[in-house]
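Data block below; observations after.
Below, all heavy atoms of this structure are taken into account, side chains as well, without hydrogens, waters or symmetry copies.
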Amino acid sequence: MARRAVDRALVKRIAREAFRGLADDIERAAAAAGMKADLSIRLKRPLGPPGTSERPGLMVLRHELRTDADELMAAVITRLKRIAADV
């Protein structure tokens, strides 16, 4: 989904930054659910506007990726808390 190695590296770097920012919260939520957290991510769609092979500007791409990564980490925490509440 990311053709260029620099784009793949950017996605990994931003995902790691988002995880590090919420690592304590994720680990606490996982421990409350009786689990350990080990996350893996995968792109669902190509980078850039749908239907084109254009690469968006770097600042726009970074902002979109970070927003998506933060939302993903928040969803993980929410899901872990829901599991912990059911236990």
Point to revise | Over 12 foreign heavy atoms within 6.0 Å of CZ, Arg79 | key: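 Not more than 12 within 6.0 Å, no.
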Point to revise | Leu22 to Ala74 - nearest heavy-atom pair and separation | key: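 Leu22 and Ala74 have their closest heavy atoms at CD1-N, 4.5 Å.
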Exercise for review: Kindly give the heavy-atom pair with the smallest separation between Ala69 and Ala15, and that separation in Å.
Suggested key: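 Taking every non-hydrogen atom into account, CB-CA, 4.4 Å.
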Practice item. Could you list the residues that satisfy side chain to side chain contact (heavy atoms under 4.5 Å, CB included) with Glu71, not counting sequence neighbours? Key: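 Expected list: Thr67, Asp68.
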Check your understanding: Residues in side chain to side chain contact (heavy atoms under 4.5 Å, CB included) with Arg66, at least two apart?
Key ->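 Arg66: side chain to side chain contact (heavy atoms under 4.5 Å, CB included) contacts with Ile14, Glu17, Ala18, Asp70.
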Practice item. Look at the side chain of Arg45 and the backbone N and O of Met1, then say whether any donor-acceptor pair between them is shorter than 3.5 Å. Key: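 Answer holds: no.
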Review point. Would you say Leu72 and Leu39 make side-chain contact, with heavy atoms under 4.5 Å?
Key: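 The answer is no, as the side chains (C-beta and beyond) never meet within the 4.5 Å cut-off.
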Check your understanding: What distance do Ile26 atom CD1 and Met35 atom CE have between them, rounded to the nearest 0.5 Å?
Key ->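 Answer for the CD1-CE pair, Ile26 versus Met35, is 13.5 Å.
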Exercise for review: List the steps, then state whether side-chain contact (heavy atoms from CB on, under 4.5 Å) holds for Arg28 with Asp25.
Suggested key: CA-CA 5 Å; Arg28 271 194 294 275; Asp25 296 335; 2.7 Å; yes
Check your understanding: So if you build clusters from Ile, Leu, Val, Met, Phe, Trp, Tyr with side-chain heavy-atom gaps below 4.5 Å, do Val60 and Val11 land together?
Key ->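 As far as the 4.5 Å side-chain criterion goes, Val11 and Val60 are not connected within one cluster.
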